[in-house]
Peer 1: 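Below you'll find the structure I mean.
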Amino acid sequence: MRLEEVPCNLCGGTSRSVVLEANCPGSSLSPEVFACTNSHVASHGRIVRCNDCGLVFTSPRPTADEVLDMYEGVEDETYLREEAARVATFRHSLLGVRQREPRGRLLDVGCYVGTFLEVARESGYEVAGVEPSRWAAEHARVRGFEVLPSLREADLPPGSFDVATVWDVIEHLTDPLGELRLLHRALRPGALVALTTMNVESLVARLLGPRWPWYMMMHLYYFTPKTMSRMLERAGFEVEGVEPHVRVVHARYLVSKLGAWAPALGGVAAALTEALGAGDVRVPISLGDLMVVYARAR
Ligand SMILES: [Zn+2]
């Protein structure tokens, strides 16, 4: 795998400081590492901060073509097994969207197997998705959804959508600013964008330092409320609000993530959870290190 140094995606700057050195060799990258449910937490490339604008990102990193190849090849049966737990989070996320834009045509960028499309369609939106993984897009199409492989190839007529959702996707893209600009073109003026990503400046991220589980090979960008807002503004959006993002998970899922991070603790927690018959309990969690950002197309 070839790695390349990249300029700052937000300001184009090339002066940066190292936040964390790489602890995962580039040669170990494979589509499996990029699967949504992979457990390769806390292994990452070199993470740097732009000295000009403060954007935190991975550099060097695989080329854009290599990253796209990996996402196109992702297959993820684990995601399908755990889908029910995600539905609860998506229903919660949809509430924030509906309060701001209760109807219309909705584009879900990174729709994967169509889990959120299903939730949004049930709620009355006309929906379409964008998804590079051939495996995931096929699952979504079988469920009756229109799925485009990428915004660039789709070349949508300007003003095609009233709402766009970008859930846990922006940090995976090689050119987030470019994608947001393409998205802006596909939206009508005044359209809503709702986006979730991690907050690298959050208290939890700062307390855990290198052990923060979101430092992962597949995350190319680590935003703060400020850098995310500035990027949206550069792409033609006006930011309406930044809030902590709430996820709703099964206790069993929470415990399996704990196990990947701290195996001994995870083992005890898993045994306890099953003994109590609590694996299916839904738990709303917010550690404050994930954020949801609402913005409007200008
Ligand atoms: Zn910069």
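Whatever order the structure lists them in is the order used to number ligands and atoms, beginning at 1.
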Peer 1: Within the 3.5 Å criterion, strictly below it, is a donor on Asp168 or Thr196 matched to an acceptor on the partner's side chain?
Peer 2: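 Yes, side-chain donor-acceptor contact under 3.5 Å.
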Peer 1: Kindly indicate, with the supporting measurements, whether the criterion side chain to side chain contact (heavy atoms under 4.5 Å, CB included) is fulfilled by Glu201 and Val56.
Peer 2: CA-CA 10 Å; Glu201 212 176 45; Val56 178; over 6 Å; no
Peer 1: Could you give me the CA-CA distance, side-chain angles and deciding distance for Leu107 and Leu156, then say whether side chain to side chain contact (heavy atoms under 4.5 Å, CB included) is met?
Peer 2: CA-CA 11 Å; Leu107 183 68; Leu156 295 160; 4.3 Å; yes
Peer 1: Using only heavy-atom distances, determine whether the side chains of Tyr112 and Asp76 contain a donor-acceptor pair under 3.5 Å.
Peer 2: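 The criterion, which ignores hydrogens and geometry beyond distance, is satisfied for Asp76 and Tyr112.
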Peer 1: Has Arg49 got more than 12 heavy atoms of other residues, nucleotides or ligands less than 6.0 Å from its CZ?
Peer 2: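 Counting other residues, nucleotides and ligands, CZ of Arg49 stays at 12 neighbours or fewer.
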Peer 1: Say whether Asn51 and Ser15, considering side chains only, have a donor N or O and an acceptor N or O under 3.5 Å apart.
Peer 2: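 Looking only at side-chain atoms, Ser15 and Asn51 do form a donor-acceptor pair, the distance falling under 3.5 Å.
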Peer 1: What protein N/O/S atoms are there under 2.8 Å from the Zn ion (ligand 1), waters excluded?
Peer 2: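 For the Zn ion (ligand 1), the protein N, O and S atoms that sit under 2.8 Å away are Cys8 SG, Cys11 SG, Cys50 SG, Cys53 SG.
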